[in-house]
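Report on one structure; see the data block that follows.
Below, each value reflects all heavy atoms present in this structure, side chains not excepted, and no hydrogens, waters or symmetry copies. Just follow the structure's listing: the first ligand is 1, and inside any ligand the first atom is 1.
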Amino acid sequence: MTPPPAGAVVTGAGRGLGRLLAALLVERGYRVLVTDIDEAAARATAQRLGPDVLWATVDVRDEEQVAAARDHVMTEAGRLDIWVNNAGVLATGPAWEQPPEARRLMLEVNALGTINGTVTAIEAMRDAGGHIVNIVSLAGLTAVPGEAVYAASKHAAIGFSLSTLADLRLAGIEDIDISCVCPDGIWTPMLHDKLDDPASALSFSGRLLQPTDVVTAVRKVLDRPRPVTSVPGWRGLQVRLADAFPGLGLRALPLMVARGRRVQHRMSARLRQGA
Ligand SMILES: NC(=O)c1ccc[n+]([C@@H]2O[C@H](COP(=O)([O-])OP(=O)(O)OC[C@H]3O[C@@H](n4cnc5c(N)ncnc54)[C@H](O)[C@@H]3O)[C@@H](O)[C@H]2O)c1
């Protein structure tokens, strides 16, 4: 008999996609620990989601804070079933124009934060198994002009996740899954201030997703773990084709950037009219 749901942790759950993923896990009956570097946001999300929802301030760059979150949920729920590494940051522009702190921040939050969360969750899941869901990005699968360091951090996250999944299986550990979800641009606060930013055009070049589209994908992954899920699936295929033929892919990128700029202008005009 499958045991009832126990503990779940979502990082960066104070707003955006993470907040909705925490809501999904609450709806599924998990005892959810909402974490974020932003204390007020973590607290407000937990309060919104219900009286039993836990919250903690956690900077995913700090291994000790991440371990404390694991211990917190284990104490309250008895077992850790799900860990979602969702926290992420994006600073745009060519790498050589970015301040070193911005480059370091993206690598530390997006890559090291995912590594910290995954390792910490594995330690807690060794006895009873569990599922780690890593929110990556299509930028983890292909070249993204204007978001080069972000893409590097997300490639690191996916390379680490898939390699660790293989290590688990080689070690004979079959009951811990790692699923990477790689969405196209999502209309969350991460992009809300990027409509006038040419460097983030590629985030707008596909079908701009609503956060609920990604929640639907995560819902499916929770039911059936998969190493990599692109959202939407056709964009995953498109970027993998571009990677298979990098020369062609690079030639197509200016067209994609132009398309993204058109979408940004259209959305910007629409928002101005609505204002
Ligand atoms: N919005 C997009 O277009 C898009 C596309 C693909 C993937 N993603 C990924 O989805 C995830 C969620 O992003 P979002 O769009 O909801 O962005 P968001 O900016 O709305 O939310 C990110 C959250 O992460 C938190 N955070 C930042 N640094 C942190 C740290 N050091 N420790 C803990 N929390 C921290 C923020 O406080 C915020 O609550 C990220 O990993 C992002 O890279 C976003």
Short side-chain to backbone donor-acceptor contact, Thr11 and Asn86, under 3.5 Å: yes
Heavy-atom side-chain proximity of Val133 to Ile135 below 4.5 angstrom: yes
Option from Thr114, Thr120, Asn134 for which side chain to side chain donor-acceptor pair (under 3.5 Å) with Asn85 holds: Asn134
Check: Trp83 ring centre within less than 6.0 Å of His131 ring centre: no
Any Arg70 side-chain heavy atom under 4.5 Å of Val9 side chain: no
Amino acids in close contact with ligand 1, where any non-hydrogen atom sits under 4.0 angstrom away: Gly12, Arg15, Gly16, Leu17, Asp36, Ile37, Val58, Asp59, Val60, Arg61, Asn86, Ala87, Gly88, Val89, Val109, Ile135, Val136, Ser137, Tyr150, Lys154, Pro183, Asp184, Gly185, Ile186, Thr188, Pro189, Met190, Leu191
Residue from Arg235, Arg207, Gln238 passing side chain to side chain donor-acceptor pair (under 3.5 Å) with Asp184: Arg235
